K.L.:
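Sharing a structure, written as structure tokens. Questions coming.
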Amino acid sequence: MENRKKLDHACKSDVRASRRISLRAILAHLLAIAACLTTSVAAADELSLLINGKAIHLGSSSSSNLNEKNWGLGLQYDWERANDKWRPFATVSEFRDSNKNISYYAGGGALYRFQFDSAHVDVGAVGFLMVRKDFKNGDPFPGVLPVLSVGAKNVALNITYVPKVEPKAVPLWFFQLKVSLNSFL
């Protein structure tokens with residue numbers, strides 16, 4: 001009986017490990033697809049590097065030890081449609097989450113653009129699938145979050161609000177630096 005328990009535990013560990021590996025492979029493929037999109041980029045469309053860097057946890061105590069340095073990288077591809085202020089986008093990224101574990105997400109959404117001379121403000125939402133080690137047993141889970149982006153032609157600051165989603169969670173603001181790669185391609 002004891003050997004069966006050890007075997008069951010080992011099998012569960014193997015399944016979780018293979019699931020993580022396959023999810024990493026899926027995200028790697030999404031990154032490759034995003035890279036392929038750049039080979040035929042129209043002049044108005046834009047590929048950007050995302051530099052994940054900061055989370056501000058709201059209402060958490062100073063002794064909570066939550067990681068607020070959420071370093072990581074990603075890509076965002078924005079489509080600009082002629083005579084339309086809506087900008088659909090696709091995104092994929094990885095970063096260190098609040099518990100210092102690597103998190104991955106891929107998704108897309110739309111932003112409504114307000115243009116002010118050389119600056120802009122975009123407001124919209126992002127839908128995604130995310131994988132986090134300590135959430136939902138490491139299984140992918142969907143989400144939809146509001147997004148605000150403020151910037152100029154080649155650089156912007158993406159700001160996302162993440163509400164409290166479970167009893168132990170803390171709401172937060174998540175910040176990314178978005179740098180256009182079009183001038184480098």
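Only a predicted model underlies this, so the values are computations on that prediction, with no experimental measurement involved.
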K.L.:
What heavy-atom pair brings D45 and E80 nearest, and what distance separates the two atoms?
P.N.:
OD1-N, 3.1 Å
K.L.:
For W86 and L111, what are the C-alpha separation, side-chain angles and deciding distance, and is it a side chain to side chain contact (heavy atoms under 4.5 Å, CB included)?
P.N.:
CA-CA 6 Å; W86 284 99; L111 299 166; 5.8 Å; no
K.L.:
Does a side-chain heavy-atom distance below 4.5 Å link L129 with Y104?
P.N.:
no
K.L.:
Salt bridge (Lys or Arg N to Asp or Glu O under 4.0 Å): which pairs involve residues 142-151, sequence neighbours left out?
P.N.:
none
K.L.:
Would you please test F175 and I56 for side chain to side chain contact (heavy atoms under 4.5 Å, CB included) and show each step?
P.N.:
CA-CA 9 Å; F175 297 86; I56 298 175; 3.7 Å; yes
K.L.:
With sequence neighbours left out, which residue pairs that include part of residues 142-154 fulfil the side chain to side chain donor-acceptor pair (under 3.5 Å) condition?
P.N.:
S149-N158
K.L.:
Relative to the ring of W79, is the ring of Y77 parallel (under 30°), tilted (30 to 60°) or perpendicular (over 60°)?
P.N.:
perpendicular
K.L.:
First locate atom OH of Y105, then atom CZ of F128, and finally report the distance between them rounded to the nearest 0.5 Å.
P.N.:
9.0 Å
K.L.:
For Y161, which residues count as a side-chain contact (heavy atoms from CB on, under 4.5 Å) partner, sequence neighbours excluded?
P.N.:
L58, P146, P163, P171, W173
K.L.:
Run the side chain to side chain donor-acceptor pair (under 3.5 Å) check on S48 and Q76 step by step: do they pass?
P.N.:
CA-CA 5 Å; S48 297; Q76 181 172 321; over 6 Å; no
K.L.:
Under the rule for ring-ring contact (aromatic ring centres under 6.0 Å, His included), what residues qualify as partners of F174, not counting sequence neighbours?
P.N.:
F95
K.L.:
When rounded to the nearest 0.5 angstrom, what is the spacing between CG in L49 and OG in S180?
P.N.:
10.0 Å
K.L.:
Applying salt bridge (Lys or Arg N to Asp or Glu O under 4.0 Å) as the test, list every pair that has at least one member in residues 91-100; sequence neighbours left out.
P.N.:
D97-R132
K.L.:
Test of understanding: with salt bridge (charged side-chain N to carboxylate O under 4.0 Å, His left out), list the residues that count as partners of K54, not counting sequence neighbours.
P.N.:
E68
K.L.:
My understanding is that only residues two or more places apart in sequence, or in another chain, count here; which of them pass side-chain hydrogen bond (donor to acceptor under 3.5 Å, both in side chains) with T160?
P.N.:
none
K.L.:
Sub-3.5 Å donor-acceptor pair from the side chain of D78 to the main-chain atoms of R87, do we have one?
P.N.:
no
K.L.:
Set out, in order, the CA-CA distance, both residues' side-chain angles and the distance that settles side chain to side chain contact (heavy atoms under 4.5 Å, CB included) for L181 and L75, then state yes or no.
P.N.:
CA-CA 10 Å; L181 295 176; L75 294 172; 4.2 Å; yes
K.L.:
Would you be so kind as to tabulate the donor-acceptor pairs closer than 3.5 Å made by side chains of residues 119-127, with sequence neighbours excluded?
P.N.:
from	atom 1	to	atom 2	distance (Å)
H120	ND1	G151	O	3.4
H120	NE2	R113	NH2	3.2
D122	OD1	R113	NE	2.8
D122	OD2	R113	NH2	2.8

K.L.:
Should L177 and L50 be marked as a side chain to side chain contact (heavy atoms under 4.5 Å, CB included) after you check the CA-CA gap, both sets of side-chain angles, and the distance that decides it?
P.N.:
CA-CA 6 Å; L177 184 63; L50 297 176; over 6 Å; no
K.L.:
Got a sec, which residues hit side-chain hydrogen bond (donor to acceptor under 3.5 Å, both in side chains) with N52, two or more places apart in sequence or on another chain?
P.N.:
S93, Q176
K.L.:
My understanding is that only residues two or more places apart in sequence, or in another chain, count here; which of them pass side-chain hydrogen bond (donor to acceptor under 3.5 Å, both in side chains) with D84?
P.N.:
R81
K.L.:
Sequence neighbours excluded, which residues qualify as ring-ring contact (aromatic ring centres under 6.0 Å, His included) partners of F141?
P.N.:
F135
